Amino acid sequence: MHEMPITESILNIVLKHAVMNKASKVMAVHLQIGRLSDLEDEWLQRYFDYLSKGTIAEGAKLEIERMPIVVRCDACSTSYEAQVDKIGNLVCPSCGAENGTLVSGREYYIKSMEVQ
Amino acid sequence: MAGVKLIEVKEEIMADNAKQAETIRVELHGEKTMLLNLMSSPGSGKTSLILRTMEGLKGSFNLGVIEADIDSTVDAEKVVAAGAPAVQLKTGGFCHLDATMVRQGLDALTEKNFDLIIIENVGNLVCPAEFDTGAHKNVMILSVPEGDDKPLKYPLMFSVCDLLLINKTDYLALSDFDINALRKRVLVLNPKIVILEISCKTGAGIDAWIDWLKKEIEDFKK
(Lines give C-alpha, C1' and ligand atoms only; values in the text may rest on other atoms or scores of the structure.)
Protein backbone atom coordinates (compact mmCIF):
# COMPACT_ATOMS: atom_id res chain seq x y z
CA MET A 1 0.00 0.00 0.00
CA HIS A 2 1.64 3.23 -1.07
CA GLU A 3 -0.18 5.29 1.54
CA MET A 4 2.48 4.04 3.92
CA PRO A 5 5.67 5.22 2.14
CA ILE A 6 4.04 8.52 1.17
CA THR A 7 2.79 9.22 4.67
CA GLU A 8 6.19 8.27 6.03
CA SER A 9 7.85 10.79 3.68
CA ILE A 10 5.42 13.47 4.83
CA LEU A 11 6.13 12.70 8.49
CA ASN A 12 9.91 12.73 8.00
CA ILE A 13 9.81 16.13 6.34
CA VAL A 14 7.44 17.48 9.00
CA LEU A 15 9.69 16.26 11.85
CA LYS A 16 12.78 17.67 10.13
CA HIS A 17 11.22 21.13 9.89
CA ALA A 18 9.87 20.88 13.45
CA VAL A 19 13.38 20.25 14.76
CA MET A 20 14.85 23.04 12.60
CA ASN A 21 12.29 25.44 14.10
CA LYS A 22 12.70 24.12 17.67
CA ALA A 23 9.00 23.29 17.86
CA SER A 24 7.65 21.23 20.73
CA LYS A 25 4.42 20.18 19.04
CA VAL A 26 3.02 20.05 15.49
CA MET A 27 -0.62 21.12 15.37
CA ALA A 28 -1.41 20.96 11.65
CA VAL A 29 0.22 20.23 8.29
CA HIS A 30 -0.96 21.96 5.11
CA LEU A 31 -0.62 19.73 2.06
CA GLN A 32 -1.35 20.20 -1.62
CA ILE A 33 -2.10 16.92 -3.38
CA GLY A 34 -2.74 16.56 -7.11
CA ARG A 35 -6.06 15.18 -8.28
CA LEU A 36 -4.27 12.32 -10.05
CA SER A 37 -3.50 10.79 -6.67
CA ASP A 38 -6.06 8.23 -5.61
CA LEU A 39 -5.16 8.50 -1.92
CA GLU A 40 -8.16 9.33 0.24
CA ASP A 41 -7.80 12.17 2.75
CA GLU A 42 -9.25 10.04 5.51
CA TRP A 43 -6.73 7.25 4.97
CA LEU A 44 -3.78 9.62 4.82
CA GLN A 45 -4.85 10.99 8.20
CA ARG A 46 -5.23 7.47 9.64
CA TYR A 47 -1.78 6.41 8.44
CA PHE A 48 -0.32 9.68 9.69
CA ASP A 49 -1.91 9.13 13.12
CA TYR A 50 -0.48 5.62 13.23
CA LEU A 51 3.04 6.54 12.13
CA SER A 52 3.32 9.71 14.21
CA LYS A 53 2.49 8.04 17.54
CA GLY A 54 5.09 8.98 20.13
CA THR A 55 6.51 11.84 18.03
CA ILE A 56 5.88 15.56 18.42
CA ALA A 57 3.62 15.34 15.37
CA GLU A 58 1.17 12.99 17.13
CA GLY A 59 -2.34 14.36 16.84
CA ALA A 60 -1.50 16.84 14.06
CA LYS A 61 -4.32 17.50 11.62
CA LEU A 62 -3.60 17.11 7.89
CA GLU A 63 -5.25 19.95 5.96
CA ILE A 64 -5.38 18.74 2.36
CA GLU A 65 -5.97 20.98 -0.63
CA ARG A 66 -6.60 19.10 -3.90
CA MET A 67 -4.74 20.60 -6.84
CA PRO A 68 -6.04 20.58 -10.42
CA ILE A 69 -4.52 18.56 -13.23
CA VAL A 70 -2.84 21.05 -15.55
CA VAL A 71 -1.57 20.12 -19.01
CA ARG A 72 0.52 22.21 -21.42
CA CYS A 73 -0.27 21.71 -25.10
CA ASP A 74 2.75 20.37 -27.03
CA ALA A 75 1.67 22.29 -30.14
CA CYS A 76 0.74 25.80 -28.95
CA SER A 77 1.96 25.79 -25.30
CA THR A 78 -1.46 26.75 -23.91
CA SER A 79 -1.93 25.46 -20.37
CA TYR A 80 -5.32 24.02 -19.54
CA GLU A 81 -7.03 22.05 -16.83
CA ALA A 82 -7.96 18.40 -17.43
CA GLN A 83 -10.34 16.12 -15.54
CA VAL A 84 -9.03 12.87 -14.11
CA ASP A 85 -11.23 10.68 -16.34
CA LYS A 86 -10.13 12.56 -19.50
CA ILE A 87 -6.38 12.42 -18.91
CA GLY A 88 -5.87 9.85 -21.67
CA ASN A 89 -8.07 11.83 -24.03
CA LEU A 90 -6.61 15.34 -24.08
CA VAL A 91 -7.76 18.01 -26.48
CA CYS A 92 -6.27 21.50 -26.31
CA PRO A 93 -9.11 24.04 -25.96
CA SER A 94 -7.07 26.57 -27.92
CA CYS A 95 -5.81 24.65 -30.99
CA GLY A 96 -7.37 21.17 -30.72
CA ALA A 97 -4.04 19.31 -30.58
CA GLU A 98 -4.15 16.02 -28.66
CA ASN A 99 -0.63 15.86 -27.28
CA GLY A 100 0.14 17.55 -24.01
CA THR A 101 2.63 17.41 -21.16
CA LEU A 102 1.52 17.14 -17.56
CA VAL A 103 2.47 20.30 -15.65
CA SER A 104 0.83 19.42 -12.34
CA GLY A 105 -1.65 16.99 -10.88
CA ARG A 106 0.66 14.36 -9.46
CA GLU A 107 2.20 16.42 -6.69
CA TYR A 108 2.41 15.77 -2.98
CA TYR A 109 3.52 19.16 -1.76
CA ILE A 110 3.98 20.11 1.87
CA LYS A 111 3.20 23.79 1.91
CA SER A 112 3.44 24.73 5.56
CA MET A 113 2.76 23.60 9.10
CA GLU A 114 1.49 25.02 12.36
CA VAL A 115 3.65 24.37 15.39
CA GLN A 116 3.99 25.33 19.02
CA MET B 1 -4.19 29.93 19.65
CA ALA B 2 -1.38 31.46 21.65
CA GLY B 3 2.09 30.38 20.73
CA VAL B 4 1.17 28.71 17.46
CA LYS B 5 3.32 29.74 14.53
CA LEU B 6 3.20 28.92 10.87
CA ILE B 7 6.32 27.43 9.26
CA GLU B 8 6.82 27.46 5.50
CA VAL B 9 7.92 23.98 4.39
CA LYS B 10 7.65 23.97 0.57
CA GLU B 11 8.85 20.44 -0.07
CA GLU B 12 7.60 18.08 -2.76
CA ILE B 13 7.49 14.42 -1.75
CA MET B 14 7.50 12.92 -5.23
CA ALA B 15 10.14 15.32 -6.57
CA ASP B 16 12.96 12.88 -5.86
CA ASN B 17 11.21 10.08 -7.74
CA ALA B 18 10.43 12.25 -10.76
CA LYS B 19 14.06 13.40 -10.95
CA GLN B 20 15.46 9.90 -10.55
CA ALA B 21 13.05 8.57 -13.21
CA GLU B 22 14.08 11.24 -15.71
CA THR B 23 17.78 10.51 -15.05
CA ILE B 24 17.19 6.81 -15.80
CA ARG B 25 15.28 7.64 -19.00
CA VAL B 26 17.99 9.94 -20.34
CA GLU B 27 20.85 7.65 -19.35
CA LEU B 28 19.32 4.55 -20.99
CA HIS B 29 18.44 6.57 -24.08
CA GLY B 30 22.16 7.36 -24.38
CA GLU B 31 22.93 3.64 -24.12
CA LYS B 32 20.21 2.87 -26.70
CA THR B 33 18.49 0.57 -24.24
CA MET B 34 14.71 0.81 -24.21
CA LEU B 35 13.10 0.37 -20.78
CA LEU B 36 9.59 -1.10 -20.75
CA ASN B 37 7.42 -1.17 -17.64
CA LEU B 38 5.02 -4.15 -17.69
CA MET B 39 2.04 -3.87 -15.35
CA SER B 40 -1.05 -5.96 -14.58
CA SER B 41 -2.99 -7.74 -11.84
CA PRO B 42 -1.42 -10.80 -10.20
CA GLY B 43 -1.82 -13.90 -12.34
CA SER B 44 -2.67 -12.20 -15.63
CA GLY B 45 0.41 -13.57 -17.40
CA LYS B 46 3.32 -11.12 -17.07
CA THR B 47 5.99 -13.79 -16.61
CA SER B 48 4.47 -15.99 -19.35
CA LEU B 49 4.53 -12.98 -21.68
CA ILE B 50 8.20 -12.33 -20.87
CA LEU B 51 9.04 -15.97 -21.68
CA ARG B 52 7.17 -15.66 -25.01
CA THR B 53 8.97 -12.37 -25.68
CA MET B 54 12.38 -13.96 -25.11
CA GLU B 55 11.58 -16.54 -27.81
CA GLY B 56 10.26 -13.86 -30.15
CA LEU B 57 13.29 -11.56 -29.85
CA LYS B 58 15.91 -14.32 -29.92
CA GLY B 59 18.57 -13.58 -32.51
CA SER B 60 17.41 -9.97 -33.07
CA PHE B 61 17.60 -8.09 -29.75
CA ASN B 62 19.24 -8.58 -26.35
CA LEU B 63 16.74 -8.68 -23.51
CA GLY B 64 17.25 -8.18 -19.77
CA VAL B 65 14.56 -8.49 -17.12
CA ILE B 66 13.97 -6.83 -13.75
CA GLU B 67 11.45 -8.78 -11.72
CA ALA B 68 9.68 -7.24 -8.74
CA ASP B 69 7.59 -8.99 -6.15
CA ILE B 70 6.71 -8.45 -2.54
CA ASP B 71 8.48 -11.73 -1.83
CA SER B 72 10.01 -14.82 -3.57
CA THR B 73 12.40 -15.20 -6.49
CA VAL B 74 10.33 -17.65 -8.57
CA ASP B 75 9.80 -15.27 -11.48
CA ALA B 76 13.48 -14.41 -11.94
CA GLU B 77 14.37 -18.09 -11.67
CA LYS B 78 11.97 -18.91 -14.52
CA VAL B 79 13.44 -16.20 -16.73
CA VAL B 80 17.05 -17.16 -15.98
CA ALA B 81 16.23 -20.84 -16.61
CA ALA B 82 14.87 -19.80 -20.01
CA GLY B 83 18.16 -18.06 -20.76
CA ALA B 84 17.85 -14.30 -20.19
CA PRO B 85 19.71 -12.22 -17.59
CA ALA B 86 17.27 -11.34 -14.82
CA VAL B 87 17.37 -9.84 -11.36
CA GLN B 88 14.72 -10.12 -8.70
CA LEU B 89 13.81 -7.17 -6.51
CA LYS B 90 11.92 -7.95 -3.34
CA THR B 91 9.86 -4.91 -2.52
CA GLY B 92 9.30 -6.01 1.09
CA GLY B 93 5.62 -5.17 1.22
CA PHE B 94 5.64 -2.24 -1.21
CA CYS B 95 2.85 -2.47 -3.75
CA HIS B 96 4.76 -0.91 -6.64
CA LEU B 97 8.22 -0.06 -7.95
CA ASP B 98 9.61 3.44 -7.86
CA ALA B 99 12.56 4.86 -9.76
CA THR B 100 15.01 4.23 -6.90
CA MET B 101 14.14 0.53 -6.90
CA VAL B 102 14.47 0.39 -10.69
CA ARG B 103 17.93 1.95 -10.34
CA GLN B 104 18.89 -0.87 -7.95
CA GLY B 105 17.65 -3.39 -10.49
CA LEU B 106 19.62 -1.75 -13.33
CA ASP B 107 22.78 -1.74 -11.21
CA ALA B 108 22.28 -5.42 -10.37
CA LEU B 109 22.08 -6.39 -14.06
CA THR B 110 25.79 -6.94 -14.56
CA GLU B 111 25.68 -7.49 -18.32
CA LYS B 112 25.35 -4.40 -20.47
CA ASN B 113 24.44 -3.79 -24.12
CA PHE B 114 20.78 -4.59 -23.74
CA ASP B 115 18.42 -3.46 -26.50
CA LEU B 116 15.46 -3.87 -24.20
CA ILE B 117 14.99 -4.20 -20.46
CA ILE B 118 11.55 -5.25 -19.25
CA ILE B 119 10.50 -4.35 -15.71
CA GLU B 120 7.91 -6.79 -14.43
CA ASN B 121 6.16 -4.56 -11.92
CA VAL B 122 4.35 -5.82 -8.81
CA GLY B 123 0.98 -7.38 -9.70
CA ASN B 124 -1.44 -4.54 -8.97
CA LEU B 125 -3.63 -2.28 -11.13
CA VAL B 126 -3.60 0.66 -8.71
CA CYS B 127 -0.30 1.89 -7.29
CA PRO B 128 2.17 1.14 -10.14
CA ALA B 129 0.21 3.58 -12.34
CA GLU B 130 1.13 6.46 -10.02
CA PHE B 131 4.89 6.04 -9.90
CA ASP B 132 7.20 6.97 -12.74
CA THR B 133 9.75 4.15 -13.06
CA GLY B 134 11.87 5.88 -15.71
CA ALA B 135 10.50 3.57 -18.42
CA HIS B 136 10.23 4.74 -22.05
CA LYS B 137 7.12 2.62 -22.66
CA ASN B 138 4.34 1.44 -20.37
CA VAL B 139 2.52 -1.77 -21.26
CA MET B 140 -0.27 -3.49 -19.37
CA ILE B 141 -1.96 -6.86 -19.55
CA LEU B 142 -5.62 -7.49 -18.80
CA SER B 143 -6.58 -11.15 -18.86
CA VAL B 144 -10.02 -12.40 -19.87
CA PRO B 145 -10.90 -13.96 -16.45
CA GLU B 146 -10.49 -10.52 -14.79
CA GLY B 147 -13.52 -9.14 -16.64
CA ASP B 148 -14.20 -6.34 -19.13
CA ASP B 149 -15.17 -3.81 -16.43
CA LYS B 150 -11.62 -3.12 -15.22
CA PRO B 151 -11.15 0.21 -17.13
CA LEU B 152 -14.12 1.54 -15.13
CA LYS B 153 -12.49 0.55 -11.85
CA TYR B 154 -8.82 1.38 -12.53
CA PRO B 155 -8.91 4.26 -15.06
CA LEU B 156 -5.44 5.66 -14.31
CA MET B 157 -3.68 2.40 -15.26
CA PHE B 158 -5.41 2.31 -18.67
CA SER B 159 -4.65 6.01 -19.17
CA VAL B 160 -0.89 5.81 -18.65
CA CYS B 161 -0.18 2.82 -20.92
CA ASP B 162 0.98 2.83 -24.56
CA LEU B 163 -0.21 -0.71 -25.21
CA LEU B 164 -2.84 -3.02 -23.74
CA LEU B 165 -2.52 -6.76 -24.22
CA ILE B 166 -5.69 -8.76 -23.68
CA ASN B 167 -4.33 -12.12 -22.57
CA LYS B 168 -5.92 -15.56 -22.13
CA THR B 169 -8.15 -15.14 -25.17
CA ASP B 170 -8.34 -18.95 -25.16
CA TYR B 171 -10.80 -18.47 -22.26
CA LEU B 172 -13.14 -16.27 -24.30
CA ALA B 173 -15.46 -19.09 -25.29
CA LEU B 174 -16.00 -19.96 -21.63
CA SER B 175 -16.61 -16.41 -20.52
CA ASP B 176 -19.03 -13.50 -20.98
CA PHE B 177 -16.09 -11.10 -21.46
CA ASP B 178 -17.14 -8.54 -24.09
CA ILE B 179 -14.08 -7.46 -26.08
CA ASN B 180 -15.92 -4.70 -27.95
CA ALA B 181 -17.25 -3.22 -24.71
CA LEU B 182 -13.75 -3.35 -23.26
CA ARG B 183 -12.23 -1.62 -26.30
CA LYS B 184 -14.79 1.18 -26.09
CA ARG B 185 -14.17 1.69 -22.37
CA VAL B 186 -10.42 1.80 -22.83
CA LEU B 187 -10.47 4.09 -25.87
CA VAL B 188 -12.59 6.67 -24.05
CA LEU B 189 -9.83 6.89 -21.44
CA ASN B 190 -6.93 6.66 -23.87
CA PRO B 191 -7.62 6.98 -27.62
CA LYS B 192 -3.92 6.56 -28.48
CA ILE B 193 -3.49 3.17 -26.80
CA VAL B 194 -2.76 0.14 -29.00
CA ILE B 195 -4.84 -2.93 -28.10
CA LEU B 196 -3.73 -6.45 -29.05
CA GLU B 197 -5.38 -9.79 -28.26
CA ILE B 198 -3.06 -12.62 -27.28
CA SER B 199 -2.89 -15.99 -25.61
CA CYS B 200 0.44 -16.80 -23.99
CA LYS B 201 -0.79 -20.37 -23.67
CA THR B 202 -1.65 -21.08 -27.32
CA GLY B 203 0.65 -18.46 -28.84
CA ALA B 204 -2.22 -16.74 -30.68
CA GLY B 205 -1.50 -13.06 -31.35
CA ILE B 206 2.07 -13.24 -30.01
CA ASP B 207 3.52 -12.41 -33.46
CA ALA B 208 1.65 -9.09 -33.51
CA TRP B 209 3.04 -8.23 -30.06
CA ILE B 210 6.59 -9.10 -31.14
CA ASP B 211 6.18 -7.02 -34.33
CA TRP B 212 4.97 -4.02 -32.28
CA LEU B 213 7.87 -4.43 -29.86
CA LYS B 214 10.52 -4.78 -32.60
CA LYS B 215 9.26 -1.67 -34.33
CA GLU B 216 9.30 0.29 -31.05
CA ILE B 217 12.90 -0.81 -30.35
CA GLU B 218 13.98 0.09 -33.88
CA ASP B 219 12.32 3.52 -33.68
CA PHE B 220 13.87 4.08 -30.26
CA LYS B 221 17.36 3.36 -31.56
CA LYS B 222 17.06 5.79 -34.48
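Keep in mind that what you see is a predicted model, and the values were worked out from it rather than measured. Throughout, a chain's letter reflects where its sequence line sits, starting with A, and its residues are numbered from 1. Every heavy atom of this structure was used, including side-chain atoms; hydrogens, water molecules and symmetry mates were not.
Within 6.0 Å of NZ in B:K221 there are more than 12 heavy atoms belonging to other residues, nucleotides or ligands. Heavy-atom contacts from other residues, nucleotides or ligands closer than 6.0 Å to CD of A:E40 number 12 or fewer. Around the CZ atom of B:R25, the shell of radius 6.0 Å holds more than 12 heavy atoms that belong to other residues, nucleotides or ligands. Within 6.0 Å of CG in B:D107 there are more than 12 heavy atoms belonging to other residues, nucleotides or ligands.
The only option from A:I13, A:T7, A:N12 that meets the side chain to side chain contact (heavy atoms under 4.5 Å, CB included) definition with B:I13 turns out to be A:I13.
Neither the backbone nor the side chain of B:A18 comes within less than 4.5 Å of any heavy atom of chain A. Only the side chain of A:K16 has a heavy atom closer than 4.5 Å to any heavy atom of chain B. Both the backbone and the side chain of A:I10 come within contact range of chain B, each with at least one heavy atom under 4.5 Å from a heavy atom of that chain. Proximity to chain A (any heavy atom under 4.5 Å) is shown, for B:I7, by both the backbone and the side chain.
Without hydrogens or angle criteria, A:Q116 side chain to B:K5 main chain gives no donor-acceptor distance under 3.5 Å.
The shortest distance between side-chain heavy atoms of B:E12 and A:Y108 falls below 4.5 Å.
Of the residues considered (B:L156, B:V9, B:I193), B:V9 shows the highest number of contacts with chain A, using heavy-atom pairs under 4.5 Å.
To the nearest 0.5 Å, the span separating CE on A:M113 from CD on B:E8 amounts to 11.5 Å.
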